[in-house]
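The sequence lines fix the lettering, A, B, ..., with proteins before strands; numbering per chain opens at 1.
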Amino acid sequence: MKDPLKTIRESKPLIHHITNWVTIYDCANMTRTFGALPVMAHAREECADMTNIASALVLNIGTLTTEIIDAMIISAKAANEKRIPVLLDAVGVGATKFRDDMAAKILDSVHIDIIKGNYSEVAKLAGEDARTRGVESTAIDAEPRQLAKKFAGSRSCVVVMTGKDDIISDGERTFVVKNGHESMGYIVGTGCMAASVIASFAAINSDHCDAAKDALCYFGIAGELAAEKSVTPGTFKMHLYDEVFGLSDERAKVMLNIEEC
Amino acid sequence: MKDPLKTIRESKPLIHHITNWVTIYDCANMTRTFGALPVMAHAREECADMTNIASALVLNIGTLTTEIIDAMIISAKAANEKRIPVLLDAVGVGATKFRDDMAAKILDSVHIDIIKGNYSEVAKLAGEDARTRGVESTAIDAEPRQLAKKFAGSRSCVVVMTGKDDIISDGERTFVVKNGHESMGYIVGTGCMAASVIASFAAINSDHCDAAKDALCYFGIAGELAAEKSVTPGTFKMHLYDEVFGLSDERAKVMLNIEEC
Amino acid sequence: MKDPLKTIRESKPLIHHITNWVTIYDCANMTRTFGALPVMAHAREECADMTNIASALVLNIGTLTTEIIDAMIISAKAANEKRIPVLLDAVGVGATKFRDDMAAKILDSVHIDIIKGNYSEVAKLAGEDARTRGVESTAIDAEPRQLAKKFAGSRSCVVVMTGKDDIISDGERTFVVKNGHESMGYIVGTGCMAASVIASFAAINSDHCDAAKDALCYFGIAGELAAEKSVTPGTFKMHLYDEVFGLSDERAKVMLNIEEC
């Protein structure tokens with residue numbers, strides 16, 4: 001996969017989201033700004049049909065209900081059959097028992113190709129004793145790189161832990177993405193947008209570990225470029241969209257900041 | 001209708017929306033920026049009461065459920081009785097059977113004054129063999145101007161097909177709006193916002209064909225003016241709101257770019 | 001409470017919202033920009049658990065359904081037991097009987113610490129004959145300061161009436177906040193955001209009347225500072241976030257514009 005951005009912009013993969021009501025617009029808009037096509041559809045009567053014309057599926061439990069979880073499982077089954085990547089963004093796992101139970105139900109019912117969350121969300125999902133403050137990570141006991149690697153290996157999937165450093169593992173290779181800027185943490189939604197970006201890259205790259213790595217590097221690079229214009233959240237967010245839109249594979253490649261560990 | 005903007009800003013018509021969760025904020029905010037008053041209410045227990053104090057009703061099926069469709073039909077019946085315009089934005093028709101069926105159910109149950117969608121959404125609604133990629137139009141077989149005219153005539157309504165050129169027909173007169181800028185297509189939501197704008201103009205103009213024509217010209221002109229400041233999506237969207245807010249009928253009238261065909 | 005902003009930024013109180021789908025993103029993002037942590041969760045299975053780890057609860061009925069009202073009452077009961085402040089933003093009360101009834105049901109079922117709305121929403125809630133145009137206030141017969149004071153006294157709570165001047169009363173003391181800028185009224189969502197800001201201040205100040213007063217002054221001051229950069233809605237909103245982010249207690253204190261009456 002030499003030029004992921006060019007490939008996304010040419011093939012315009014359709015990214016089906018069943019997501020939360022807080023950041024749903026930014027998930028759609030960031031997907032579009034990267035060059036993919038977003039669609040959001042959560043009715044149980046149509047969600048499998050929508051997945052069947054898509055190239056990737058994003059499940060984000062930020063404002064989950066039992067009905068939404070049912071739709072997610074229906075769509076994920078369709079995605080598994082069609083062999084398109086499914087990403088679970090485990091928003092708020094570790095905050096309430098219901099979130100823990102519903103995330104576990106999803107993992108027990110379908111295959112998830114990419115599990116994503118902040119440190120405490122992923123730690124809780126992996127069976128550690130971790131607490132999430134609403135949707136905000138707290139410190140975890142486990143060493144995050146080892147946790148990501150072990151959890152990915154046990155589930156035969158890619159695990160993405162987002163935070164100051166983003167950690168990505170497929171159980172064999174483990175990477176730390178150092179691209180990004182702290183201003184991305186000042187605005188609500190960059191975590192959810194990152195899931196949409198990863199799904200867009202996974203839609204055109206069957207190596208989902210590489211796709212997640214590229215996605216987080218590119219998104220972080222756009223954040224670095226936006227921060228050169230402004231670091232305050234209102235203007236920063238506007239520039240973030242501009243920089244994603246104007247980014248090229250050539251520009252991104254010279255700014256990659258990633259370590260294998 | 002000499003000065004639509006002035007009329008909207010003075011009379012502040014209330015525009016009741018039952019719409020999707022992706023672009024709901026921008027629909028409300030664009031309605032307000034044009035000078036009308038948005039209200040969003042989808043509970044079946046209150047939706048007819050809200051319609052009864054409104055001057056236009058927007059139905060957008062972007063994230064439909066059966067409950068939402070029920071509310072739409074209840075509100076549209078109230079609107080029909082009260083004789084205020086009802087606009088259906090057929091988002092995603094042609095993507096799943098459920099959307100096709102629900103849009104047909106609405107059209108069978110109530111009178112829609114303005115049917116709006118992109119080329120493949122409207123073509124599918126009109127009985128053509130068309131497919132929509134999520135919410136993105138695909139090429140259609142029929143000649144769009146003829147399709148709009150025929151469909152409008154058969155349903156005694158105004159049909160609006162949005163795309164590179166926007167087509168508007170009431171079955172007798174057919175117009176092509178050439179105002180607008182390609183940057184409007186780079187951001188999610190301009191199509192949905194256009195529906196809110198059309199409804200705001202239709203609320204103060206009983207000739208819904210003229211209202212739709214004016215609305216799309218004015219919105220497109222604001223897009224052209226915004227693009228003079230920036231064409232990248234983050235900054236463009238911000239300027240789009242500023243230009244709508246600062247637009248005058250005088251300014252708009254000298255920039256109209258419309259053809260009757 | 002000497003330095004509310006500093007206290008919020010250091011303690012990062014978790015603000016649980018059960019709110020509407022129109023402005024949900026801006027409620028979360030403004031909460032974060034002030035330095036608190038937002039979380040949105042409305043499933044009945046988890047809402048009490050989320051309230052139990054929060055420091056304040058915001059109930060906003062902008063796009064209410066019976067299910068959402070049930071969740072609000074469950075969460076408010078948990079908040080009452082835990083003795084954390086509950087704010088009700090009575091969006092649209094006076095527009096439909098359903099909103100009037102559901103707001104009354106909340107007030108009858110739980111203790112609300114801070115009742116907030118525009119003039120006609122609060123007047124209707126207080127038993128006056130008032131009508132709301134969707135979510136837009138209409139003129140009311142009662143003198144607003146007396147109404148706020150009497151209503152607050154009768155319910156042993158703080159009442160906040162927002163409009164050109166914001167009125168705050170705990171039944172004994174009554175204040176008029178004159179900070180703010182008219183551009184805040186040009187964009188959808190500043191009223192809802194104000195509720196999130198008040199809740200953030202109330203989370204760290206047990207005198208909820210002072211908290212509401214400080215919150216509306218600080219938010220209004222950020223609006224005044226943003227308006228020095230731009231008064232048109234697209235750019236203004238972006239600057240509003242920047243100015244909230246950059247605000248300090250020192251800066252705010254010299255700009256306070258408030259009267260006791």
Side-chain angles (χ1 to χ4, degrees), chain B residues 11-55 63 65 67-68 71 75 196 222 226 229-230 234-247, chain C residues 19-29 40 60-69 91-103 105 118 131-138 182-193 229-241:
Chain B
S11 62
K12 294 186 185 177
L14 185 67
I15 313 300
H16 181 197
H17 292 69
I18 303 179
T19 187
N20 71 74
W21 307 151
V22 185
T23 62
I24 188 168
Y25 176 78
D26 280 307
C27 289
N29 204 33
M30 189 51 76
T31 301
R32 170 80 67 92
T33 307
F34 264 96
L37 295 179
V39 70
M40 277 60 184
H42 64 280
R44 278 169 290 186
E45 295 89 343
E46 72 162 351
C47 61
D49 287 347
M50 200 61 93
T51 302
N52 278 328
I53 61 168
S55 300
T63 54
T65 60
E67 290 81 3
I68 292 288
S75 271
S196 299
K229 305 236 170 95
S230 171
T235 32
F236 174 80
K237 188 179 174 190
M238 182 188 71
H239 288 303
L240 180 62
Y241 276 108
D242 282 355
E243 295 299 334
V244 166
F245 185 79
L247 194 63
Chain C
T19 188
N20 71 74
W21 307 151
V22 185
T23 62
I24 188 169
Y25 177 78
D26 280 308
C27 289
N29 204 31
M40 277 59 184
N60 175 314
I61 62 169
T63 54
L64 79 177
T65 60
T66 50
E67 290 79 4
I68 292 287
I69 297 294
V91 180
V93 167
T96 69
K97 186 173 182 302
F98 182 60
R99 290 192 186 225
D100 301 348
D101 290 348
M102 291 301 104
K105 185 179 174 185
N118 61 32
R131 302 284 290 166
T132 304
R133 275 193 81 204
V135 298
E136 185 88 357
S137 187
T138 62
E182 64 173 343
S183 288
M184 298 174 89
Y186 297 158
I187 51 175
V188 169
T190 40
C192 299
M193 292 183 227
K229 305 237 170 93
S230 171
V231 295
T232 45
T235 33
F236 174 80
K237 188 179 174 190
M238 182 189 70
H239 289 303
L240 180 61
Y241 276 109

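The contact between C/Thr132 and chain B is made entirely by backbone atoms, counting heavy-atom distances below 4.5 Å. Interface remark: C/Asp26 contributes side-chain atoms only to the contact with chain B (heavy atom separation under 4.5 Å). There is no contact between B/Lys237 and chain C, counting heavy-atom distances below 4.5 Å.
Between chain C and the residues B/Glu243, B/Glu46, B/Lys12, the largest count of heavy-atom pairs under 4.5 Å involves B/Glu46.
Looking at B/Asn29, its side chain never comes within 3.5 Å of a backbone N or O of C/Ile187 through a donor-acceptor pair.
Between C/Pro233 and B/Phe245, the shortest heavy-atom distance links the atoms CD-CG, 3.3 Å. For the residue pair C/Gly185 and B/Arg32, the shortest heavy atom distance occurs at O-NH1, 2.7 Å. C/Arg99 and B/Ala41 make their closest contact through NH2-CB, 3.5 Å (heavy atoms, listed as atom of the first residue, atom of the second, distance).
A side chain to side chain contact (heavy atoms under 4.5 Å, CB included) with B/Ile24 holds for exactly one of C/Thr23, C/Val22, C/Ile24; it is C/Val22. C/Arg133 pairs with exactly one of B/Ile53, B/Leu37, B/Val39 by the side chain to side chain contact (heavy atoms under 4.5 Å, CB included) rule, that one being B/Leu37.
The CE atom of B/Met50 lies 5.0 Å from the OG1 atom of C/Thr96; values are rounded to the nearest 0.5 Å. Distance check, rounded to the nearest 0.5 Å: NE2 of B/His239 to OG1 of C/Thr235 gives 7.5 Å.
You'll find the side chain of C/Val188 reaches within 4.5 Å of the side chain of B/Tyr25, heavy atoms only.
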